[in-house]
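The next block holds one structure in the form of structure tokens; read it before the comments.
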Amino acid sequence: MGAGLLVFVWVLITGVVLYRIWAHMDMTLFSRFEYWLGVSWLLLTASLVISRFFRIEFIVFLVNLIAFSVLALNLFSDPSAEIPLAPWKLAQELLILHISLVLCAFSLLAISAVFAGMYLFLHGRLKTRRWSRGVARLPSLEQLDRFSYRLVLFGVPLLALSLSVAVVSVVVEGRLGYLLDWKVVSSFAALGLYAYDLFRRAVKRRPALQSARWNLICFAMLVLNTLINPASNFHRWS
């Protein structure tokens, strides 16, 4: 029943996403509502894939909880708060590429943070020897660490590519002042934290417990980067 309702919700959100894409096919305007709707759809799609191939109930629940929270907050936002893309005078392909990469990167890193949080939770339970039936249904620490690490390996390059596309567009337009904007600086700071984590993991052999904690710190930085949009001139979403 839960899987059926999940598929039903996915179909509804997919319909809304396709309608919004069709309504703004020229990509002259892109609203905050559409951006977070895309994030919700990607998270919901990922939860369906996890439910089908991995059957990790708690992870599916937490990913759907994030997707529902994003969607609920999005419904209270102003759908008319739009980003004017036309004044940038960029190719439509670059804009679509930048937005798509950001959506995919954020979704992958969000799911990775869920796995990292579950790793810390399970590690704490095992260390204090507080066993329960719910804990018994969780994946092993090795599996949680492996899933979290692999998602970061996919998410970080996508985030780097999206930032590269944004920087190239700014340089081409001659608006170099935007490179010192809070949005740009914090975006590269979040990317640097993730890159540092991958370096320590691959070269320094950082323990999985430390990597899980660092993963949550990096994702918090990424969320903070999203929350400072009103203070940024790079994305006038508010």
Side-chain angles (χ1 to χ4, degrees), residues 27 29-43 46 66-67 69-70 73-74 77 81-114 116 148-201 211 213-238:
M27 287 297 295
L29 289 174
F30 188 79
S31 69
R32 177 175 56 186
F33 179 85
E34 291 165 338
Y35 176 85
W36 289 114
L37 184 65
V39 171
S40 301
W41 181 82
L42 285 173
L43 290 174
I66 296 176
S69 301
V70 171
L73 292 174
N74 192 27
S77 65
E82 296 166 331
I83 311 172
L85 299 180
W88 288 14
K89 299 179 181 179
L90 298 175
Q92 295 181 6
E93 291 79 7
L94 279 178
L95 296 176
I96 296 173
L97 178 62
H98 171 64
I99 294 168
S100 301
L101 289 173
V102 169
L103 288 174
C104 294
F106 187 88
S107 300
L108 289 174
L109 295 176
I111 300 173
S112 175
V114 170
S148 178
Y149 177 64
R150 290 179 178 178
L151 287 171
V152 171
L153 283 179
F154 284 104
V156 171
L158 291 177
L159 181 61
L161 287 174
S162 67
L163 295 179
S164 299
V165 172
V167 169
V168 169
S169 65
V170 170
V171 173
V172 169
E173 290 299 314
R175 302 183 180 185
L176 299 180
Y178 279 117
L179 296 178
L180 299 178
D181 189 86
W182 281 106
K183 179 72 176 179
V184 179
V185 173
S186 62
S187 297
F188 278 99
L191 177 62
L193 291 176
Y194 273 111
Y196 176 73
D197 178 45
L198 290 177
F199 171 78
R200 290 288 300 272
R201 181 69 181 265
S211 294
R213 292 171 178 169
W214 194 259
N215 190 325
L216 294 180
I217 294 175
C218 293
F219 185 70
M221 182 67 183
L222 200 62
V223 173
L224 179 63
N225 170 259
T226 304
L227 296 179
I228 66 172
N229 281 322
S232 171
N233 291 323
F234 193 81
H235 283 167
R236 294 186 177 275
W237 288 5
S238 194

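Here the OG atom belonging to Ser211 is positioned 5.0 Å from the CG atom belonging to Asp197, to the nearest 0.5 angstrom. Remark: Phe188 CZ to Asn225 CG distance equals 11.0 Å, nearest 0.5 Å. Here the OG atom belonging to Ser186 is positioned 11.5 Å from the CG atom belonging to Leu191, to the nearest 0.5 angstrom. In this structure, the separation between CG on Leu163 and CG on Leu158 is 11.0 Å, given to the nearest 0.5 Å. To the nearest 0.5 Å, atom CG of residue Leu101 and atom OG of residue Ser162 are 5.5 Å apart.
In this structure Val223 satisfies the side chain to side chain contact (heavy atoms under 4.5 Å, CB included) test together with Phe219, Leu227, sequence neighbours excluded. With sequence neighbours excluded, no residue forms a side chain to side chain donor-acceptor pair (under 3.5 Å) with Trp214.
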Atom pairs and distances, side-chain donor-acceptor, residues 103-112, under 3.5 Å, sequence neighbours left out:
| unit_1 | atom_1 | unit_2 | atom_2 | d |
| --- | --- | --- | --- | --- |
| Ser107 | OG | Leu103 | O | 2.9 |
| Ser112 | OG | Ser148 | O | 2.8 |
| Ser112 | OG | Ser148 | OG | 3.1 |
| Ser112 | OG | Asn215 | ND2 | 2.8 |

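The minimum heavy-atom distance between Val152 and Pro157, with the atom names listed, is O-CD, 4.0 Å.
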